[in-house]
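Below is one structure, written out as structure tokens; comments come after it.
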2 protein chains.
Amino acid sequence: MPDAATPPALNPRRNLAREVLLSLRAEIISGQLQPGDALAEPVLAKQFGSSRAPVREALIELEREGLVQFELTGRTKVRTLTEQDFDEIRDARVALESLAARRASAKWTPKDSTYLEQNIARQAMASTLAELSRLDVEFHEYVLRLTANQRLLTLWQSIRWQFEMCLASTHRLQETLACKPHQITVSSHRHLLAALASGKPELAAEKMALHIEGSMEWTPSETSTAEHPPKLATAISRR
Amino acid sequence: MPDAATPPALNPRRNLAREVLLSLRAEIISGQLQPGDALAEPVLAKQFGSSRAPVREALIELEREGLVQFELTGRTKVRTLTEQDFDEIRDARVALESLAARRASAKWTPKDSTYLEQNIARQAMASTLAELSRLDVEFHEYVLRLTANQRLLTLWQSIRWQFEMCLASTHRLQETLACKPHQITVSSHRHLLAALASGKPELAAEKMALHIEGSMEWTPSETSTAEHPPKLATAISRR
DNA sequence: TTAAATCAAAGTGTCGACACTTTAGGATCG
DNA sequence: CGATCCTAAAGTGTCGACACTTTGATTTAA
């Protein structure tokens with residue numbers, strides 16, 4: 001039997017693709033990578049010290065998540081989210097989370113109220129917008145998970161990062177403007193929690209829809225005024 | 001100046017990969033590839049006369065579509081759908097299509113009724129279950145597209161093939177049993193169309209949910225009794 | 001005969017290379 | 001000077017190769 005001298009068998013470079021994925025996603029959401037920035041496989045590969053294969057897999061996944069866009073020419077860029085995208089994401093959330101609320105409400109237990117009350121309490125104490133939005137997402141993900149429907153959760157997760165991208169870029173703007181106070185977010189979640197725990201699935205679903213629609217209002221992202229100068233009317237060049 | 005003779009040259013992006021994807025998807029849905037069958041990259045690559053790269057991309061996409069499963073060991077198999085999976089898919093459809101019905105209803109035009117009436121007419125004349133289900137999917141996709149929400153459509157498409165896989169395996173069973181007559185499907189769609197065209201979004205959403213729940217009833221797939229002999233109680237071998 | 005040890009075959013993750021396409025900068029020509 | 005053509009650089013899609021792991025069957029030991 002091969003004794004304890006077995007080399008540190010666990011692949012030092014096992015899930016490289018996943019590592020690249022997480023790294024790129026974080027950079028996009030944090031704003032280090034701005035919408036429109038080019039994502040060239042050889043460049044990223046060199047940057048991560050890997051070959052193109054893992055990078056390529058990560059880019060495909062990011063495209064599926066809506067954070068990255070494959071141009072017709074084959075080039076890859078960080079996606080720019082427009083107001084219409086924002087509306088679409090909100091609507092998709094309404095679809096998924098309304099049903100989730102209905103199903104979760106049907107199998108509600110006091111434990112769930114306790115957990116979410118704690119979440120709201122931490123929301124009230126949050127000192128940064130980033131932390132507040134992290135708790136916000138956590139609240140909603142909890143309801144999704146309660147349904148115990150893996151597919152519903154997967155669908156939600158597949159738009160989750162676009163949603164977070166919207167949130168983050170909005171927040172980077174509001175950090176200086178100080179628009180919406182915590183109180184609105186907190187009280188909105190409190191009302192929602194009451195509906196979820198009410199034992200009335202229909203009410204829970206309806207309140208969830210209203211909550212999402214109320215919480216997602218368009219704020220023009222700082223990215224619409226990127227540093228790239230307008231470059232005259234090159235936009236006409238079409239084929 | 002590039003003359004008009006330039007061929008369209010559409011989709012240069014991921015051509016071979018897409019071809020492999022479509023091919024494998026068709027084989028899985030048609031039942032040529034059965035749930036549990038192994039999908040080894042080198043084998044498929046040889047089979048398609050390509051290298052592993054395009055095959056790998058296709059498999060990743062199929063996994064996202066839920067038709068294929070990556071084992072913990074890294075191996076890849078055609079996914080087996082259980083009754084719980086079936087329920088989950090139905091619920092996901094209810095979530096997406098109810099909202100789609102609500103939104104579509106709000107922007108309904110006579111043209112839409114005309115198109116869907118034609119669809120139903122062809123349903124009534126369908127001679128095979130395969131054709132009936134093709135028209136069924138077409139009906140629902142039309143409603144999705146009406147919403148003009150690309151994300152809602154994308155989410156729907158990401159479970160679409162699992163749904164078709166359920167349909168197809170159910171149909172392979174019913175082809176011999178002749179269970180549910182066309183009439184039920186046809187009249188169900190007729191009622192649904194009336195609700196969609198009624199101008200009442202809330203009613204449209206509710207009817208859509210009922211329609212989906214009514215149309216998706218679990219039938220044990222033929223795949224649960226695959227030809228692989230039980231092989232004694234090797235199922236106990238766990239780690 | 002049964003159970004452990006062994007070893008080849010098959011499979012995955014990753015890599016570097018090549019051909020072809022697109023892009024961009026510079027040389028050329030009006 | 002300004003537009004046009006040309007060429008080199010950069011980028012993508014695909015390929016074959018290698019190292020390591022898992023699988024299955026076979027051999028060896030009890």
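By convention in this document, chain letters (A, B, ...) are assigned in the order of the sequence lines, proteins followed by strands, and residues within each chain are numbered from 1.
- Distance, A/K77 NZ to D/dG11 C1': 14 Å, rounded to whole Å.
- C/dT12 atom C1' lies 13 Å from atom CG of B/L44, rounded to whole Å.
- When each of D/dT14, D/dG11, C/dG11 is scored by its nearest atom to the side-chain atoms of A/V43, the top-ranked nucleotide is D/dG11.
- Distance, B/E71 CD to C/dA10 C1': 16 Å, rounded to whole Å.
- Checking D/dT23, C/dT14, D/dT14 against every side-chain atom of A/R56, the shortest atom distance belongs to D/dT14.
- C/dT12 atom P lies 15 Å from atom CG of B/L72, rounded to whole Å.
- Nearest heavy-atom pair, A/A17 versus A/A58, reported as atom, atom and distance to 0.1 Å: O-CB, 3.9 Å.
- Atom CD in A/Q47 sits about 12 Å away from atom P in D/dG11, given to the nearest Å.
- Rounded to whole angstrom, the span from the CD atom of A/E41 across to the C1' atom of C/dT23 amounts to 16 Å.
- Here C/dT22 is the nucleotide among D/dG11, D/dT22, C/dT22 with the atom lying nearest to any side-chain atom of A/T73.
- Looking at A/R103 and B/D91, a side-chain N of the basic residue comes within less than 4.0 Å of a carboxylate O on the acidic one, giving a salt bridge.
- The distance from atom NZ of A/K46 to atom P of D/dT12 is 13 Å, rounded to the nearest whole Å.
- The base of C/dG13 lies close enough to the side chain of B/R52 for a donor and an acceptor atom to sit less than 3.5 Å apart.
- Taking all atoms of both residues into account, the shortest heavy-atom contact from A/L67 to A/Q162 is CD1-N, 3.6 Å.
- Each of A/R75, A/R52, A/K46 was checked for a salt bridge (charged side-chain N to carboxylate O under 4.0 Å, His left out) with A/E41, and the lone residue meeting it is A/R52.
- In this structure, B/I60 places its CD1 atom 11 Å from C1' of C/dG13, rounding to the nearest Å.
- For A/P42, the listed nucleotide lying nearest its side chain is D/dG11; candidates were D/dG11, C/dG11, C/dC15.
- Among the nucleotides D/dT12, C/dG11, C/dG13, the one closest to the side chain of B/R75 is C/dG11.
- Among B/I29, B/D85, B/L81, the single residue meeting the side-chain contact (heavy atoms from CB on, under 4.5 Å) criterion with B/C166 is B/L81.
- Among the atoms of the strands shown, only primed sugar atoms or phosphate atoms (P, OP1, OP2) are found under 4.0 Å from some heavy atom of A/L39.
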